[in-house]
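Quick note: numbers below take in every heavy atom, side chains included, and nothing from hydrogens, waters or symmetry partners. Proteins come first, then strands; the chains are lettered A, B, ... in the order of their sequence lines, and each starts at number 1.
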Amino acid sequence: MTLTNTVSPDFPPSHIAGWYIFNTWLQNTLNERVRLELHDSFSQQQEAIQADAVDMIYANPADAAVLVREKGFVGVARPTNRVDEAVIVVAKDSPAQAVEDLPESLKVAMTAQPDVSTMGMIMLEPADITPDTVTKIERDTYALVAKSLMDGDADVGFFLKDAFESLSSFVKSQLRVLVTSDIQVVRHGLMLGPRMQQHKEALQAALLSMHETENGKDILSGLGFEAWEALHSEDVEFMIDLMETLTV
Amino acid sequence: MEIKDITPADVSGDYEEHHITFYDGSKRTVLVVDEEVPYPDGRLIVSVTDLEGRITECNKSFVDMSAYSRDELIGAPQCILRHPDIPSHVYADLWETIQAGKKWQGYIKNLRKDGRYYWVLATIIPTVRNGEIVGYASVRRKPSRKKIDAFIAEHLGN
C-alpha cells in the first residue's frame, strides 16, 4: 500500500524541494512507500481529505477540526518557534493610516489560506467591517495579492506575515502595513490519518531528534524549520477551540 | 472565592472605591480609575479556565493588558477582571450560556490591576473533551467603538 503525504498549500514555494526531500526521509524512516501529493489550492486539498486520500498532512490550523473530528487524524509534531501571524496591507499612497480609517464597504485581496483570512477579518472588526460588507478578491499567491494592491484593484490585502516579509524590496516599497497580528498561538501541525497511526511513536521520536544530526538539520532547513516539538492531542484540541472562537 | 483587593498602592491618580459581590456571595474591594487603556491593534487575549472559572492558561497579551503578573493570574478566578460597571445580569447570561454547552459572545469592560479599564469583544466556548465540558476557552479581541457605545447605551445607562 502506498500512503499519501500532503502539505497545506500555504507553504512558501521556495520550500517545495524541501518537502520532497522530507518525504524521502519519511519513507526511509518508516520503511513505507509514501507519495507526496501537493495540491494547488485549499479546495483541492479539501476534496482529497474528504475522499480519504490523505494519510499525513502538514495542516493549517483551520483544517484541524475536520481532520480530527471527521477523519480521525491525530497530531504528531509541529515546528518549534513558528506561529502564523497575519498582516493587513494597503498601497503606500492609501489615505488609510489605521483600520478605523477604512470604509465599511471594502475590496479585500487574499489567498485561500483560511487562518490568515480569519485573522485578517478579525483585525477589520474594530472598523465595523465584516465578511458581509467586504468584496473578497481571491488570488492564488501572495505575489498576486500584492499586485492587486499595486494595481488599485483592492483596497487592502491579507498576507501571512512571513509571506509578506519575503516579498521583494521593490514590491514592499509600494505597499504599507496597516496592522500586524500578535496572536502568538495559531500554529500549523503535522497530523496522521488512521492508516498511518501505527507509525506515530516511531515517527514522533525520529522527528523530535531530527535537529541533532547534520542531515536532519539540512532537511529542516529545506522546510524553513529549526526543530520539531511534540504535538499532543490537547494542543490540537486547543487549536480547534481557538479557531472556533475566531470564526463567530 | 477569594480575590485580593485592589489597594491604593496598585493604582495611580484619582480613584473610586467599589465593593463587588460575586455570585457565591464573596466580596472584593476594587479601586476604579476613570481612564481607558486602548486595546492594542492585532492582539488577541487568550485564556483557558477550569469549570469554576479559574485561569489555567493565558497568553502574554492577557498578562500585558491585565497589569497583573502571570503568577497572580494562574489559579485566580477569571472574575479578577470584573469591572463594577458591568451589570451582573451580563455575567449571569454568560455563565448560563456556556454551562449549557453553547458559545457566548459579547462586549465586556475589564478592570486592570491598576484600576484602569479596557473594552473587549469576548468569545467564550466550553472546552469539551471526551464528550464532557472540562473548562472554558476565552478569546478577546479589539471591539468596534460604535458597538461599545451601543452596549453602554443599552446596559450602562449613559
B:D64 CG: over 12 foreign heavy atoms closer than 6.0 Å
yes
Given side chains that start at C-beta, do those of A:E237 and B:T127 come closer than 4.5 Å, heavy atoms only?
no
Rounded distance [0.5 Å steps], CD1 in B:I124 versus OG1 in A:T245
10.5 Å
Given that the side chain runs from C-beta out, which part of B:R43 has a heavy atom under 4.5 Å from chain A: side chain, backbone, both or neither?
both
Of the listed A:T180, A:I122, A:V179, the one with the largest count of heavy-atom pairs under 4.5 Å with chain B is A:I122
Within a 6.0 Å radius of atom CD on B:E36, are there more than 12 heavy atoms belonging to other residues, nucleotides or ligands?
yes
Around atom CG of A:D101, are there more than 12 heavy atoms of other residues, nucleotides or ligands at under 6.0 Å?
yes
Quick check: closest heavy atoms across A:D241 and B:R129, and the distance to 0.1 Å?
OD2-NH2, 3.0 Å
Is it the case that atom CG in B:D5 sees more than 12 heavy atoms from other parts of the structure closer than 6.0 Å?
yes
Is the closest side-chain heavy-atom distance between A:E125 and B:K142 below 4.5 Å?
no
Are there more than 12 heavy atoms of other residues, nucleotides or ligands under 6.0 Å from atom NZ of A:K200?
yes
Return the minimal non-hydrogen interatomic distance between A:D182 and B:S61, and the atom names on each side.
O-OG, 4.0 Å
Pick from A:E85, A:E100, A:M123 with the largest number of heavy-atom pairs that fall under 4.5 Å of chain B
A:E100
Under 4.5 Å heavy-atom distance to chain A, tell me which part of B:L121 shows up: side chain, backbone, both or neither.
side chain
Does A:E104 have more than 12 heavy atoms from other residues, nucleotides or ligands lying within 6.0 Å of its CD?
yes
Search all heavy atoms of B:K147 against all heavy atoms of A:D128 and return the closest pair with its distance.
NZ-OD1, 3.5 Å
Between the OG atom in A:S181 and the CG atom in B:D41, the distance rounded to the nearest 0.5 Å is 11.5 Å
Crowded around B:E96 CD? As in, over 12 foreign heavy atoms under 6.0 Å?
no
Would the number of heavy atoms belonging to other residues, nucleotides or ligands and lying under 6.0 Å from NZ of A:K147 be above 12?
no
B:V139 and side-chain contact (heavy atoms from CB on, under 4.5 Å): which partner among A:I183, A:V185, A:L246?
A:L246
